[in-house]
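Below is one structure, written out as structure tokens; the observations come after it.
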Amino acid sequence: MGNVPSAVKHCLSYQQLLREHLWIGDSVAGALDPAQMADHTEVMKGIHQYPGVRYPVLTPNLQGFHRAVAAGATEISVFGAASESFSKKNINCSIEESMEKFEEVVKSARHMNIPARGYVSCTLGCPYEGNITPQKVTEVSKRLYGMGCYEISLGDTIGVGTPGSMKRMLESVMKEVPPSALAVHCHDTYGQALANILTALQMGINVVDSAVSGLGGCPYAKGASGNVATEDLIYMLNGLGLNTGVNIYKVMEAGDFICKAVNKTTNSKVAQASFNA
Amino acid sequence: MGNVPSAVKHCLSYQQLLREHLWIGDSVAGALDPAQETSQLSGLPEYVKIVEVGPRDGLQNEKVIVPTDIKIEFINQLSQTGLSVIEVTSFVSSRWVPQMADHTEVMKGIHQYPGVRYPVLTPNLQGFHRAVAAGATEISVFGAASESFSKKNINCSIEESMEKFEEVVKSARHMNIPARGYVSCTLGCPYEGNITPQKVTEVSKRLYGMGCYEISLGDTIGVGTPGSMKRMLESVMKEVPPSALAVHCHDTYGQALANILTALQVTGEVRYSSTVHSRTGKSR
């Protein structure tokens, strides 16, 4: 992962640079490969768990769940899909089979008072099936919510959604799952993420998934972008006067750190604008 | 640009590639499907006019000087996309904007397709006359909501620029040439920082009052967010009707589409059937 001490030093001067950048300051004055994850136990055991911060981990099955708990995890997630093809290709089983596995995991988690979060992939489109009906998304979300997931994160996995399809999907899901138990997870592959998130916020959703620096490209579209950048999201929310409690400078610092470590340029436009300022 | 036949061949295969791309196809189908209408977002206009500014605002900021024949080919291709307004060039001194030095040749060289409008920037009377001589049938004037930006960008105060624009717009109107007004820095200025909605309103009102048929409100450095966009538009709409407004959002901080969506919703709510004009340019 590179030289940690010099990376830390670099981060300090980068933060200084950011504080002097007018528009970031204003933004604050105004409101989160199998090979990559192979070290899951070491990472979980190695991180410092800060008070007030939750550290969920993905646990696809009971085995993963038990390992996670043994490594110190206090919150878990299960990852379903609204598309049969995607479910089979991604986790090697049908939606129904995956739900049965998740029932076991979530049940065990609840017995141990460990909160479980449910993800639904492909809510606005699937790389194999194309369009996905809001009814299917609702069915899967309802199932996950019913088995005890405290929150359902609705993912636009390949970023093909637009404010229109986001609205239709949410209207359907909200008939079965209350907005307070919903989150959106928008990929920015087609540049639509912030507009889609804004739409979700206007409909009463107030939990949004994002990735620092917009890490994670799209495995279904070579060279395309992936997750919406946390920095860009915070910039928008700050401008709306919405409180996130998150320090955008520190996020950008972490983003700079990880981009240097993986040797790639940031996908965050806010970070790019700050660098070029 | 190399061997034209192979470039054309490349373009043909690229177009083919796009047609086969599922999600682009779906995007097209969605816009044409009347059944979509009822479940779209509320408070949106029925129709959105896109003003393409790539050939002017886009190229102006590219370091590489683009040859005249390439600019002409670029604009001709855009003319065949269904876009109804394409901003061609700027009749400004080549000393200030070298990229636009070939303004006369480009204006004369493009094919003016029926049903497409080709506005050009004309900062003063001299530029205006040159533009008309070169075949321009629509012009734009470019003001700012920031004194510092006005001085640094066009070398005069806001008041001085308005006086120049009055002359241009008056001449344009005498010749039945429509004039569009731009206001830069409506959501922030690189020199002054925050800009008040009141200042934007003042400048917009002035341009509208002198006869500009439309005022394009620019987030010149892309620092705006849906919150600041809403506040600014609410202020401007007290003096200029939404049907005479457009937004010009830069994507420097990745906020452009969210800001545009907000603009569509804010202006759409006031007059549902009004046409909201939005501009897109080259995002950086």
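Please read these numbers as outputs of a predicted model, since none were measured by experiment. Below, chain A is the first sequence line, B the second, and so on; all start at residue 1.
- Only the side chain of A/Ile158 comes within contact range of chain B, with heavy atoms under 4.5 Å apart.
- With a threshold of 4.5 angstrom between heavy atoms, A/Leu124 approaches chain B through N, CA, C or O but not through any side-chain atom.
- Ranked by non-hydrogen atom pairs under 4.5 Å with chain A, the options B/Gly224, B/Ser228, B/Gly254 are led by B/Gly254.
- Here the CG atom belonging to A/Leu194 is positioned 8.5 Å from the CG atom belonging to B/Leu257, to the nearest 0.5 angstrom.
- Going from atom OG1 of B/Thr262 over to atom CE of A/Met236 covers 8.0 Å, rounded to the nearest 0.5 Å.
- When all heavy atoms of B/Thr225 and A/Gly239 are compared, the closest pair comes out as OG1-CA, 3.2 Å.
- Side-chain N or O atoms of A/Gln272 include none that pairs as donor or acceptor with a backbone N or O of B/Thr252 at under 3.5 Å.
- Smallest separation of non-hydrogen atoms from A/Lys269 and B/Tyr253: CB-C, 3.7 Å.
- Per-residue counts of heavy-atom pairs under 4.5 Å with chain B were compared for A/Ala195, A/Ser268, A/Ala229, A/Ala193; the largest is that of A/Ala195.
- A/Leu198 touches chain B through its side chain: at least one heavy atom from C-beta onward sits under 4.5 Å away, while N, CA, C and O do not.
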